[in-house]
**Student:** 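Dropping the structure in here first, questions after.
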Amino acid sequence: MPLQPKTLAILGIDDHGKVAAEIAQRNGYEVYFFDDQHPQQQKCGHWQVVGTEQDLINHGNKYDEIFVALSHNKRRDVKLTQFKNLGFNIATLISKDATVSNFCEIGVGAMIVANACINYGTKIGEGTIINTGANIDHSCTIDAFVHVSPGVNIAAEVNVGNYCWIGIGSNLIHQINIGHTVITGAGAVILNDVPSEVTVVGCPAHIVRRK
Ligand SMILES: CC(=O)SCCNC(=O)CCNC(=O)[C@H](O)C(C)(C)COP(=O)(O)OP(=O)(O)OC[C@H]1O[C@@H](n2cnc3c(N)ncnc32)[C@H](O)[C@@H]1OP(=O)(O)O
């Protein structure tokens with residue numbers, strides 16, 4: 001008898017949700033969306049929107065797994081934590097086209113997008129997004145609810161704190177520490193440690209905003 005596909009409920013119908021849905025579908029899930037734009041919104045890309053967030057809270061246990069596809073780092077934390085506390089099984093989505101060392105730890109609810117490469121001994125935290133073509137070399141720790149944007153390069157033994165947004169094409173040299181809730185601008189070249197709750201831009205990166 002053919003195996004039944006696993007069902008996945010995704011919260012959030014923005015484009016990030018569509019990327020998550022495609023990874024999930026290629027990994028064999030049958031995907032259903034939930035969002036407060038339902039019932040006005042019935043479709044999200046190629047998939048059906050079948051209910052609101054409250055519907056998901058009420059019926060989430062009917063799905064094999066749940067994925068929170070909210071691109072805002074702190075909102076993603078709030079919802080993922082709520083769903084875990086409700087006892088739902090949280091999916092971790094890894095693209096078939098990503099290269100992930102067998103000796104990495106990938107946290108629950110994380111999403112690793114196509115052509116990302118994560119090397120030996122690196123830890124990726126809960127709910128963290130490693131976006132298209134980002135390279136994270138060996139022995140790094142990327143904490144929870146971080147977004148590593150497309151095309152980022154992170155060298156070896158780098159630590160990135162919770163809630164950071166590493167902007168598109170940023171480059172981080174080896175053995176540096178990035179605090180929590182840091183934003184790095186597009187193309188930033190980060191040569192030194194960065195304190196928490198700042199925005200850095202440029203080459204070499206410098207602080208342009210605090211908090
Ligand atoms: C799949 C996806 O699409 S994922 C999303 C990918 N997108 C990104 O990665 C976006 C990254 N965002 C940026 O680079 C933005 O410019 C941000 C977040 C740094 C802007 O941060 P803000 O705090 O709003 O800074 P603001 O725009 O006020 O700029 C402050 C200064 O930094 C400069 N600046 C802003 N961004 C950059 C940058 N990437 N590189 C160099 N300088 C920059 C500005 O010109 C300004 O300089 P000035 O004070 O001399 O005029």
Side-chain angles (χ1 to χ4, degrees), residues 10-27 31 33 35 44-47 67-77 79-80 91-100 106-107 109-118 124-137 140 142-155 158 160-173 176-211:
I10 297 183
L11 177 69
I13 61 168
D14 68 10
D15 288 344
H16 180 58
K18 293 173 195 161
V19 174
E22 187 175 8
I23 294 172
Q25 183 173 290
R26 292 185 70 192
N27 287 349
V31 173
F33 273 97
D35 192 283
C44 172
H46 299 269
W47 300 273
F67 189 77
V68 179
L70 302 176
S71 49
H72 188 282
N73 289 337
K74 288 193 175 165
R75 287 186 57 217
R76 195 162 66 257
D77 181 3
K79 287 298 146 196
L80 196 146
T92 302
L93 297 179
I94 302 178
S95 166
K96 285 182 186 300
D97 298 315
T99 304
V100 178
I106 310 289
M111 167 163 142
I112 317 295
V113 183
N115 293 328
C117 180
I118 304 174
I124 304 295
E126 183 173 317
T128 279
I129 303 162
I130 308 298
N131 222 320
T132 320
N135 291 302
I136 305 183
D137 220 289
C140 293
I142 312 297
D143 274 345
F145 304 102
V146 170
H147 179 182
V148 176
S149 298
V152 166
N153 292 305
I154 300 182
V158 170
V160 175
N162 293 339
Y163 305 123
C164 287
W165 178 23
I166 308 300
I168 191 161
S170 295
N171 291 292
L172 284 66
I173 68 160
I176 57 173
N177 298 299
I178 310 296
H180 68 82
T181 330
V182 167
I183 299 174
T184 73
V189 177
I190 298 142
L191 303 177
N192 297 110
D193 290 357
V194 176
S196 295
E197 300 188 311
V198 299
T199 300
V200 296
V201 302
C203 174
H206 58 282
I207 295 174
V208 287
R209 196 176 294 285
R210 294 182 188 274
K211 191 104 182 169

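For ligands, and for the atoms within them, numbers begin at 1 and follow the listed sequence. Computed over heavy atoms, backbone and side chain alike; hydrogens, waters and symmetry mates excluded.
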**Student:** Could you report the tightest heavy-atom contact between Asp137 and Ala155, atom names first, then the distance?
**Tutor:**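 Scanning both residues, the minimum pair turns out to be CB-C, 4.0 Å.
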**Student:** Is a donor on one side and an acceptor on the other found under 3.5 Å between the side chain of Ser196 and the backbone of Gly179?
**Tutor:**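 Not a single qualifying donor-acceptor pair exists.
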**Student:** Determine the minimum heavy-atom distance between Asn171 and Asn153, stating which atoms define it.
**Tutor:**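 Heavy atoms only, the tightest pair is OD1-ND2, 2.9 Å.
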**Student:** Relative to Phe145, does Lys74 satisfy both conditions: NZ or CZ under 6.0 angstrom from the six-membered ring centre, and within 45 degrees of the ring's axis?
**Tutor:**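 That pair does not qualify as a cation-pi contact.
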**Student:** Ligand 1: which protein N/O atoms lie under 3.5 Å from its N/O atoms?
**Tutor:**
unit_1	atom_1	unit_2	atom_2	d
ligand 1	9 (O)	Ile168	N	2.7
ligand 1	14 (O)	Ala186	N	2.8
ligand 1	23 (O)	Arg209	NE	2.3
ligand 1	23 (O)	Arg209	NH2	3.3
ligand 1	28 (O)	Arg209	NH2	2.8
ligand 1	39 (N)	Ala186	N	3.1
ligand 1	39 (N)	Ala186	O	2.9

**Student:** With Cys164 as reference, evaluate Asp143, Ile142, Ile178, Thr184 under the side chain to side chain contact (heavy atoms under 4.5 Å, CB included) test and give the passing residue.
**Tutor:**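 For Cys164, the side chain to side chain contact (heavy atoms under 4.5 Å, CB included) test succeeds with only one of Asp143, Ile142, Ile178, Thr184, which is Ile178.
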**Student:** Can you give me the closest heavy-atom contact between Phe33 and Ile13, atom names plus distance?
**Tutor:**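 Between these two residues, the closest heavy atoms are CD2-CG2, 3.8 Å.
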